[in-house]
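Naming: A, B, ... by sequence-line order, numbering from 1 per chain. Excluded from the calculations below are hydrogen atoms, water molecules and symmetry mates; all remaining heavy atoms, backbone and side chain alike, are included.
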Amino acid sequence: MINITFPDGNAREYEAGVDGLAIALSISKSLSKKAVALKVDGKLCDLSKALDDDAAVEIVLRDDEEAVELIRHDTAHIMAQAVQELFPGTQVTIGPVIEHGFYYDFDPKQPFSTEDFPKIEKKMREIVKRNDKFVREVWDRDVAIKYFKDHGEAYKAELIEDLPGDEEISVYRQGEWLDLCLGPHLPSTGKVGTAFKLTKLAGAYWRGDHNNPMLQRIYGVAFADEKSLKAHLFMLEEAEKRDHRRIGREMDLFHFQEEAPGSVFWHAKGWTLFLQLISYMRRRQMDAGYIEVNSPDMMEKSLWEASGHWEKFGDNMFTTQTPDDKTFCCKPMNCPGHVQIFKHGLKSYRDLPLKIAEFGKVHRYEPSGALHGLMRVRSFTQDDAHVFCTPEQITEECIKINTLMMTIYKEFGFEDVKIKFSDRPEVRVGSDEIWDKSEAALKAVLDAAGVEWELNSGEGAFYGPKLEYVLRDAIGRDWQCGTTQLDFNLPGRLGAFYIGADGEKHEPVMVHRAMFGSLERFTGILIEQHAGRFPLWLAPTQIVVAPIVSDADDYGVALQEKCLAAGLRCEIDLRNEKINYKVREHSHAKVPVMFVVGMREAEEGTVSIRRLGQKHSKVMSVEEAIAQMVIDTQAPDQV
RNA sequence: GCCGCUGUAGCUCAGUGGUAGAGCGCGUCAUUGGUAAUGACGAGGUCGAGUGUUCAAUUCACUCCAGCGGCACCA
């Protein structure tokens, strides 16, 4: 007999080997009907799992949160079966659960297209209707390999071959079809339901390696019920409305065109926003003791060879041939330039730490498939800086950077910041000894700052380990922005040194850091974060003056001039349109404040203030209104 | 770069083997209207680029370019 404990604290004795269904049935018949899985000592298992030892058991019902994962996993299997029934000869590979759904990678004889989706979905519904039981079987390793090889499933056979020798090989059968799988699953395909939808068709390399063949991946979403599926699809539509590419067009912020793929044409409104970010960061950096410089956009290839960039990234650099046959590279980074500035004139240890900042525009030939609006471009502006310091100063300087970074994100409303620590990559410069030292130094920073972090193994820069700051936006998406990178290599490679207290030459350590990261990307993130409804200090147009009748035009123009004189970004709408129309249009344009003026205001020297999203307006004297706006448009660091 | 899809007016999109259409926007005129659409008229397109098939290509085929969704990449 074994002792089973339930979540409510009660315990019962059962025969060893009892399965979940029997346990559920022993409690009540209705429970056994609703039960779809078990949680044994906190681990999800099939309802049919036989228990041989004492355990804490929880019966999982179909409506429980844990069941959704099973539904998604099952749906992946059902899709794979549907695909193989419809397209014989298609090989299956892997099909995991992901957020909101699942995907499955196939190697088809003929490529699928999204036009096949309705057919596949129909077949999936058929399979659900068949209500085949999911049956777990444990197979001998060699039998399994032979089976999959005999059935033309080379990928599956490869997967089994690569499993550790002592691992149990389990297979799940559903009707005529089966798949290598760890499980667990619901009791039968009928329990899965039909709240699923195939969403995307994509290419994906076998085992994520671009040297391997490319498979076809079908993504789908699945939920416990139709209502949740609909809610999810609605959420996607809402997210699409915040897409920075769409808002950029609607608000006339920027555009892209064929002749400059991956490079932004900033329009006046977008550039206004961009410049606000730079001014803000400039103030913050100056306060933190940085000096600002400007280094050449193009430098000779030899410099990039010396820095090591050419060897690692030469294929991704824009180069240009001069008439006298020299090769210049558009800078993909600012660091070599800053080292040249550091080297100019002898530096003493008393000059350190020296913090050199630049809003440098860098160019990188990113692969065409990587380009994505403002988020991934081929030329972008970094709020880049390099802190040249002694080894002893590293920890303190990095802690200061971390503090500054967090302050800035907070001021932009990002409270949820993740830090990733990336250690040495396979391809790198510098000795292991130096890497040991620099990784330890960065970890010390994390410890000293007392922040949480996660390891990003092997993802460091080729010259040093790094910290990456990942922001989570208003709709839960993650974006990598800031980065701090320790560099014990570049100063030496480029011959930078300082004179120490001992009168000898020493190599400085370099800390690379960017906080916005790419200004272009950060702008994109802000657009999506605010859905274009920027806080007043960032809004490209802060006020639109809208006269109601043309007799109030002169008053409106005078008002606009007063606003401009007060440093407010103010436009006036003198078109021959009704006030309803003007309000509607500027609301759509997401202008935060409208100053509505008619004859009443003109006579009384007042203005009717209408804030975006508010139904009611407020009447104030012109002086009062402008004074209030001047306060309201201050940047967070100026308040 | 790789896989799939897309490219028609400023924007959103319809359409056809016989050189194109809507709504919004834009312009003109009338209207002077008090907080999310006043009306009438009008202008606007080498149908992404090139090659081929055809009497005829925006439509069919191929190549290229760009974009979209992923994968890979991201100093």
Side-chain angles (χ1 to χ4, degrees), chain A residues 103 105 108 111-116 199-219 243 245-246 249-250 252 255-262 304 307-317 331-336 362 364-373 375-378 382 384 425 427-429 459-464 466 468 480 483 485 487 490 512 514 517-518 546-553 576-588 594-601 608-617 619:
Chain A
Y103 68 76
D105 286 350
F112 309 131
S113 103
T114 44
E115 287 174 18
D116 298 321
T199 51
K200 291 182 275 197
L201 181 65
Y205 298 104
W206 168 234
R207 300 195 147 174
D209 185 338
H210 69 274
N211 297 308
N212 287 341
M214 178 158 277
L215 307 170
Q216 275 201 303
R217 174 173 298 177
I218 299 178
Y219 284 90
D243 189 306
R245 293 164 296 188
R246 175 185 176 140
R249 194 167 46 235
E250 287 170 356
D252 194 20
H255 86 268
F256 290 92
Q257 68 186 48
E258 284 197 16
E259 291 83 351
W304 302 101
S307 72
H309 288 95
W310 183 259
E311 195 195 347
K312 180 104 205 292
F313 291 108
D315 289 345
N316 300 308
M317 284 164 74
K331 66 175 172 188
M333 293 192 81
N334 301 299
C335 27
V362 296
R364 299 176 181 179
Y365 190 80
E366 302 287 4
S368 58
L371 303 179
H372 180 95
M375 303 306 194
R376 193 78 187 272
V377 287
R378 285 188 177 150
Q382 289 180 318
D384 203 5
V427 183
R428 57 179 183 263
V429 296
E459 298 291 319
F462 72 89
Y463 47 71
K466 63 183 179 184
E468 286 175 358
Q480 196 229 297
T483 161
Q485 304 172 6
D487 186 349
L490 202 58
H512 306 237
S518 150
I548 294 168
V549 292
S550 50
D551 284 345
D553 283 359
N576 176 12
E577 296 292 352
K578 291 188 175 175
I579 193 61
N580 279 325
Y581 184 88
K582 291 184 185 180
V583 166
R584 178 184 158 83
E585 185 149 293
H586 299 298
S587 298
H588 279 310
M594 288 186 72
F595 280 1
V596 177
V597 290
M599 291 318 290
R600 206 154 61 217
E601 286 77 9
S608 168
I609 304 168
R610 188 186 210 280
R611 297 219 176 211
L612 182 59
Q614 288 181 6
K615 285 264 175 278
H616 299 289
S617 50
V619 178

If we call it a pair only when both distances are under 3.5 Å in a Watson-Crick or G-U wobble match, what pairs with A49(B)? U63(B)
From NE2 of His372(A) across to P of A72(B) the rounded distance in Å is 16 Å
So does Arg207(A) reach the base of C71(B) with its side chain, donor to acceptor, closer than 3.5 Å? no
Say you pick atom P in A20(B) and the same atom in G44(B); how far apart are they, in whole Å? 14 Å
If you define the side chain from C-beta out and look only at heavy atoms, does anything of Lys582(A) sit under 4.5 Å from Pro547(A)? yes
Any donor-acceptor pair under 3.5 Å joining the side chain of Tyr205(A) to the base of G1(B)? yes
Does Tyr365(A) place a side-chain N or O at less than 4.0 Å from the phosphate oxygens OP1/OP2 of C74(B)? no
Could you tell me which nucleotide pairs with G39(B) by Watson-Crick or G-U wobble geometry, both distances under 3.5 Å, or answer none if nothing does? C29(B)
Both distances below 3.5 Å, Watson-Crick or wobble geometry, any strand: find the nucleotide opposite G1(B). C71(B)
Between A49(B) and C11(B), how far apart are the P atoms? Round to whole Å, please. 15 Å
Does the side chain of Arg364(A) get closer than 4.0 angstrom to OP1 or OP2 of C73(B) through an N or O atom? no
For Val427(A) against Phe462(A), the heavy-atom pair lying closest together: O-CB, 3.9 Å
Do the side-chain N or O atoms of Arg428(A) get closer than 4.0 angstrom to the phosphate oxygens (OP1, OP2) of A75(B)? no
Across all strands shown, which nucleotide pairs with G34(B) by Watson-Crick or G-U wobble geometry, both distances under 3.5 Å? none
What's Ala461(A) touching, base or sugar-phosphate or nothing? Going by heavy atoms closer than 4.0 Å. sugar-phosphate
Would Arg207(A) and Asp209(A) pass as an ion pair if we require N to O under 4.0 Å? no
Check: Arg217(A) side chain, C3(B) base, donor-acceptor under 3.5 Å: no
Under 3.5 Å donor-acceptor, Gln216(A) side chain and Phe112(A) backbone: yes
Value in whole Å for how far the P atom of G70(B) lies from CG of Leu215(A): 18 Å
Just how far, in rounded Å, is P of C68(B) from CG of Asp243(A)? 9 Å
Looking only at side-chain atoms of Tyr581(A), point me to the closest of C3(B), G25(B), G67(B). G25(B)
Rounded interatomic separation in angstrom, taking CG from Asp105(A) and P from G4(B): 15 Å
If you check the Pro367(A) side chain, which of A37(B), C73(B), G34(B) turns out closest? C73(B)
Does a side-chain N or O from Asn580(A) land closer than 4.0 Å to OP1 or OP2 of U35(B), or not? no
Write down the distance separating the P atoms in A43(B) and G21(B), rounded off to the nearest Å. 13 Å
Do the rings of Tyr463(A) and His512(A) sit parallel, tilted or perpendicular, given the 30° and 60° boundaries? parallel
side-chain N/O Ser617(A) vs U35(B) OP1/OP2, d < 4.0 Å: no
Which nucleotide, C5(B), C71(B), G34(B), lies nearest any side-chain atom of Arg600(A)? G34(B)
In whole Å, what separates the P atom of G15(B) from that of G25(B)? 24 Å
Considering just the side-chain nitrogens and oxygens of Lys312(A), establish if one lies under 4.0 Å of OP1 or OP2 belonging to A75(B). no
Please state the C1' separation for the pair C65(B) and G48(B) - nearest whole angstrom. 8 Å
At 4.0 Å (heavy atoms only), tell me whether Lys466(A) reaches a base, stays on the sugar-phosphate, or touches nothing. sugar-phosphate
Of the candidates C71(B), G69(B), A72(B), the side chain of Ala202(A) sits closest to G69(B)
Taking any heavy-atom pair under 4.0 Å as a contact, classify Phe256(A): base, sugar-phosphate, or nothing. nothing
Within the modelled atom types, does a donor on one side and an acceptor on the other bring the side chain of Gln257(A) and the base of G67(B) under 3.5 Å apart? no
Paired nucleotide for G21(B) [Watson-Crick or G-U wobble; both distances under 3.5 Å]: C13(B)
Does a side-chain N or O of Arg245(A) approach OP1 or OP2 of G69(B) to a distance below 4.0 Å, or not? yes
